[in-house]
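If you're wondering where the values come from, they're calculated on a predicted model, not measured in any experiment.
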Amino acid sequence: MTDPMSPQPRPEDEPTGGASAAPPPPPGGYQQAPPPQGGYQQGTPPADGYYQQPGYPGTQAGSGVGRPAELLDRFLARLIDHVLLLVVNFVLVSIFVVGSLMNGSGGMFGGGSNFLTNVVGSVLGAAIYLGYFAYMESSRGQTIGKMVVKLETRGANGGRPTMEEAVKRNIWVALTLLGIIPFVGGVLAGLAQLAAMIAIAVGISSDTAGRRGWHDKFAGGTQVVKVG
């Protein structure tokens, strides 16, 4: 029997629907769970294996950006560079240097002035070509031709090539030094450079994964990628 003097429960104190009342929130409100140790992790890497390097454009899905540059793009970039260097070489060697030597020493050397002209032209030409490619690639990762075609040379570590890497991958342009050989030097220099370019093209076409030529492998693993 219920004691008539004991307090009776009120209707508003009864839980609705037979469910237990929710516990009150802790002092200060609910707290957000801390992140996992080491921070949140990124998703799985892209299937093509190309990662974004610090300060360099990364791979964009479906754009080809960050992928190894194709042979045609690299050929166009090299063609632009060679046209520019041809003009510079003509101005510096043919007009100023060779012209001064011929005017100042033609009577002294006689027929030997042609040989001296070939030596000066070959040495300066090699220095201009090698210096241009090595400096531009090591300092900017791009020559003017690569800027136009939107390509970039990267070193073995994924960043810009070191000066040593840039010199090694472009050393073949110094084959113009063969021009110092009397009579046949110019022909030998041209044939040697042509053979080097053909070998590079064959290597790029054969390497479907990295598009590296023999000069890239000789430099320790440099690579040309698409950046735009």
For a quick test of reading the model, state the closest non-hydrogen atom pair linking Ser138 to Met163 and the distance between them.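 Nearest pair, atom of Ser138 first, then Met163: OG-CE, 3.4 Å.
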
Pro68 to Gly210 - nearest heavy-atom pair and separation: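 Residues Pro68 and Gly210, closest heavy atoms: CB-O, 3.5 Å.
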
Applying salt bridge (Lys or Arg N to Asp or Glu O under 4.0 Å), name anything that partners Glu137, two or more places apart in sequence or on another chain.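 Scan of Glu137 (salt bridge (Lys or Arg N to Asp or Glu O under 4.0 Å), adjacent residues dropped) gives Lys146, Arg169.
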
Please confirm whether the backbone N or O of Leu85 pairs with a side-chain atom of Asn89, one donor and one acceptor, at under 3.5 Å?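 Side chain of Asn89 to backbone of Leu85, a donor-acceptor pair under 3.5 Å: no, none is there.
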
Hey, could you give me the [atom1]/[atom2] distance between [X] and [Y], rounded to the nearest 0.5 Å?
| X | Y | atom1 | atom2 | result |
| --- | --- | --- | --- | --- |
| Tyr129 | Leu175 | OH | CG | 12.5 Å |
| Asn170 | Phe218 | CG | CZ | 11.5 Å |
| Arg160 | Gln142 | CZ | CD | 8.5 Å |

Just list the side-chain donor-acceptor pairs under 3.5 Å for residues 72-81, sequence neighbours left out, or say none.
unit_1, atom_1, unit_2, atom_2, d
Arg74, NH1, Arg211, O, 2.6
Arg74, NH2, Asp216, OD2, 3.1
Asp81, OD1, Tyr132, OH, 2.8
Asp81, OD1, Thr143, OG1, 3.4
Asp81, OD1, Gly145, N, 2.7
Asp81, OD2, Thr143, OG1, 2.6

Quick one: are Trp172 and Trp214 in side-chain contact, heavy atoms under 4.5 Å?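 Side chain of Trp172 against side chain of Trp214, heavy atoms only: contact under 4.5 Å found.
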
Is any side-chain heavy atom of Leu151 less than 4.5 Å from a side-chain heavy atom of Lys226?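 Sidechains of Lys226 and Leu151: in contact.
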
Show every donor-acceptor pair shorter than 3.5 Å between a side-chain atom in residues 176-196 and any protein atom, with sequence neighbours excluded, or say none if there are none.
unit_1, atom_1, unit_2, atom_2, d
Thr176, OG1, Ala126, N, 3.4
Gln193, NE2, Val173, O, 3.2

